[in-house]
Amino acid sequence: PRLSIGKRARAYCLPVVRARAAPTRCTKAVQRAVSVLPCQSVRACAALALCRLSGHPVHALSRIPSAPTWDKMLFNGKICHKNGNLGNEKNQKELAELLAHQRSQNDMAENKVVHAAQRAAFSVAIDAAIKAVRGKGTEHMTEEAVKLINLAEPLLSKRYKASAFDAARKFVQDPNGKWMEYAYRAINEIDPHILKMNVLNLGYEGMFSGYNYVMELRKKYDCNMPWILLFDPTASCNLHCKGCWAAEYGKTLNLTYEEMDKLVTEGEELGIHWYMCTGGEPMCRKNDLLKLAAAHQNSVFHLFTNGTLIDEEFCKEVQKVGNMAFFISIEGIGDATDDRRGKGVFDKVMHAMDLMQKYGLLYGTSICYTSQNYKAVTSDEFIDMLISHGVRFNWYFHYMPIGDGANVDLMLNAEQREYMIHRVREIRGLTGGKQIFCIDFQNDGEYIDGCIAGGRQYAHINPAGDVEPCVF
């Protein structure tokens with residue numbers, strides 16, 4: 001009774017999955033799971049979700065208290081029958097449509113309860129998928145992937161056409177395809193808690209539920225509303241990299257922990273659950289950021305870092321909180337990184353990656369490419385090296401000169417930019433390329449309808465606490 005509804009629902013969901021092989025135990029587990037939810041319509045929604053996730057027949061729940069009245073409350077009898085028995089579900093889509101009931105109700109208290117049940121259902125689904133696949137070969141990948149696609153579809157139905165979800169289901173049919181193998185490696189190599197928290201909070205909270213709520217607020221207030229926030233905990237940094245734009249802020253500015261906590265709390269109330277941290281060097285505030293991640297377990301915190309302050313103790317703490325990931329700055333192998341960031345930095349970055357790989361952390365890279373290194377940072381040798389060190393994704397940013405003394409010779413010309421467009425898309429192609437996901441921040445603008453600044457998709461808060469349209 002002392003736990004929140006969400007935590008109680010979560011605690012009672014686990015026995016449902018564990019009871020898959022025992023129908024009687026499963027029915028009792030579902031009854032107990034939904035009993036903590038005060039609203040009958042939400043009980044029905046949660047019961048249907050848990051039955052589907054546990055693989056147990058829905059009609060066996062006909063004797064759950066209040067079942068005879070469900071037809072009066074749920075979706076015009078779409079699944080429920082007037083005699084109180086629940087009909088067989090045709091497919092995962094109908095269950096997902098029920099779960100999409102969240103946010104559509106006018107009563108805010110009930111919205112929170114529906115959200116708790118919905119989050120619990122997704123949490124159980126992710127746990128079940130990881131357990132079904134981890135260490136057991138790729139043959140289970142398709143079934144588990146289709147379940148998650150079906151749960152996600154109604155939450156994004158206004159954003160994507162049904163054909164997009166049909167294409168996704170078709171895409172995952174080959175368990176030995178490039179990206180299915182990529183996913184299988186991630187499931188086996190990333191710590192299960194870290195993987196679940198990032199998928200749940202970035203996927204369900206950020207891109208599905210939160211995004212839909214942000215869209216509602218945009219219409220309500222007739223203004224831009226970001227669903228991603230990037231903020232700088234500090235302007236301080238332990239390195240002095242050439243051409244760093246963050247140096248323009250000075251080294252003394254900081255957001256207090258209380259300010260960061262207030263920022264995230266207010267953001268979550270608006271449906272924002274994806275927070276990126278840059279600087280300065282955000283790892284200069286690593287204790288505060290660990291505390292922040294622990295306090296906001298429904299959001300994710302992704303840090304752009306030089307990697308030199310990551311140590312073994314920090315990796316252990318990240319395992320505990322789960323909802324953090326990292327983009328490590330690197331410009332190439334050996335001297336290519338050291339020439340910009342300082343002697344010995346490349347070796348420190350490799351050591352940090354080895355530690356993160358050991359503890360199953362989720363991380364990628366942040367790569368500034370120039371007229372001098374653009375081919376090196378997209379070469380097979382470089383990409384293979386990153387993959388061998390556990391890197392899952394690359395963010396590419398082209399060089400932009402900042403300040404009076406910036407070197408304009410490092411800017412790319414049109415031919416070099418065009419090379420990067422084709423090479424990045426070759427690397428991340430559906431077939432061929434490499435098993436690493438690459439994004440080119442500027443050249444991939446066509447996929448997000450152009451500039452995302454000014455709250456159109458994201459906004460930036462600098463270490464002085466000022467809101468800016470873009471970090472650049």
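Hydrogens, waters and symmetry mates are skipped; everything else that's a heavy atom, side chains included, is used. Just so we're clear, the structure is a prediction, and the values are computed from it rather than from any experiment.
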Original post:
Between Asn373 and Ala376, is there a donor-acceptor pair closer than 3.5 Å when you use the side chain of the first and the backbone of the second?
Top reply: no
Original post:
Can you list the residues that meet the side chain to side chain donor-acceptor pair (under 3.5 Å) rule with Gln416, with sequence neighbours excluded?
Top reply: none
Subject >> Candidate pair Thr308 and Asn238, rule side chain to side chain donor-acceptor pair (under 3.5 Å), full reasoning >> reply: CA-CA 9 Å; Thr308 61; Asn238 61 319; 2.8 Å; yes
**OP:** Check whether the ring centres of Phe208 and His273 lie less than 6.0 Å apart, and answer yes or no.
**Re:**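 No: the rings miss the under 6.0 Å criterion.
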Subject >> Validation row, ring centre Phe441 to ring centre Phe472 under 6.0 Å >> reply: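 Yes.
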Side chains of [X] and [Y] in contact at under 4.5 Å (non-hydrogen atoms):
| X | Y | value |
| --- | --- | --- |
| Tyr182 | Phe437 | yes |
| Asp409 | Ser371 | no |
| Cys438 | Tyr396 | yes |

Original post:
Which pair of heavy atoms, one from Phe397 and one from Gln442, lies closest together, and at what distance?
Top reply: CA-OE1, 3.7 Å
**OP:** Over all heavy atoms of both residues, which pair between Met260 and Pro233 is shortest? Give the atoms and the distance, please.
**Re:** SD-CB, 3.7 Å
**OP:** Could you tell me how the ring of Phe304 sits relative to the ring of Phe327: parallel (under 30°), tilted (30 to 60°) or perpendicular (over 60°)?
**Re:**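 The arrangement is parallel - the two ring planes meet at less than 30°.
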Original post:
How about Ser329 and Asn306: does a side-chain donor come under 3.5 Å of a side-chain acceptor?
Top reply: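 There is no such pair between these side chains.
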Less than 4.0 angstrom from a charged side-chain N to a carboxylate O is my criterion; do [X] and [Y] meet it?
| X | Y | value |
| --- | --- | --- |
| Lys320 | Asp191 | no |
| Glu312 | Lys358 | yes |
| Glu181 | Arg185 | no |
| Asp444 | Arg425 | yes |

**OP:** Enter the distance from Glu205:CD to Asn323:CG here, rounded to the nearest 0.5 Å.
**Re:** 11.0 Å
**OP:** Apply the ring-ring contact (aromatic ring centres under 6.0 Å, His included) test between Tyr374 and each candidate in Tyr369, Tyr399, Tyr419; give the one that qualifies.
**Re:**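 Checked Tyr369, Tyr399, Tyr419 against Tyr374; only one passes ring-ring contact (aromatic ring centres under 6.0 Å, His included): Tyr419.
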Original post:
Can you check salt bridge (charged side-chain N to carboxylate O under 4.0 Å, His left out) on Glu153 and Arg169, steps first, answer last?
Top reply: CA-CA 11 Å; Glu153 181 173 359; Arg169 279 183 282 269; 3.2 Å; yes
**OP:** Take Lys286 and Asp311 through the test salt bridge (charged side-chain N to carboxylate O under 4.0 Å, His left out) and record every step on the way to the result.
**Re:** CA-CA 11 Å; Lys286 60 183 178 181; Asp311 55 29; 3.3 Å; yes
**OP:** Could you tell me whether Lys291 sits above the aromatic face of Tyr257, with NZ or CZ closer than 6.0 angstrom to the six-membered ring centre and within 45 degrees of the axis?
**Re:**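 Pair Lys291/Tyr257 counts as cation-pi.
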List the atom pairs, with distances to 0.1 Å, where a side-chain N or O of residues 380-394 and a protein N or O form a donor-acceptor pair under 3.5 Å, not counting sequence neighbours.
{"from": "Asp380", "atom 1": "OD1", "to": "Arg423", "atom 2": "NH2", "distance (Å)": "2.9"}
{"from": "Asp384", "atom 1": "OD1", "to": "Lys434", "atom 2": "NZ", "distance (Å)": "2.9"}
{"from": "Asp384", "atom 1": "OD2", "to": "Lys434", "atom 2": "NZ", "distance (Å)": "3.4"}
{"from": "Ser388", "atom 1": "OG", "to": "Asp384", "atom 2": "O", "distance (Å)": "3.4"}
{"from": "Ser388", "atom 1": "OG", "to": "Met385", "atom 2": "O", "distance (Å)": "2.6"}
{"from": "His389", "atom 1": "ND1", "to": "Met385", "atom 2": "O", "distance (Å)": "3.0"}
{"from": "Arg392", "atom 1": "NE", "to": "Gly390", "atom 2": "O", "distance (Å)": "3.4"}
{"from": "Arg392", "atom 1": "NH1", "to": "Glu189", "atom 2": "OE1", "distance (Å)": "3.1"}
{"from": "Arg392", "atom 1": "NH2", "to": "Glu189", "atom 2": "OE1", "distance (Å)": "2.8"}
{"from": "Asn394", "atom 1": "OD1", "to": "Thr365", "atom 2": "OG1", "distance (Å)": "2.6"}

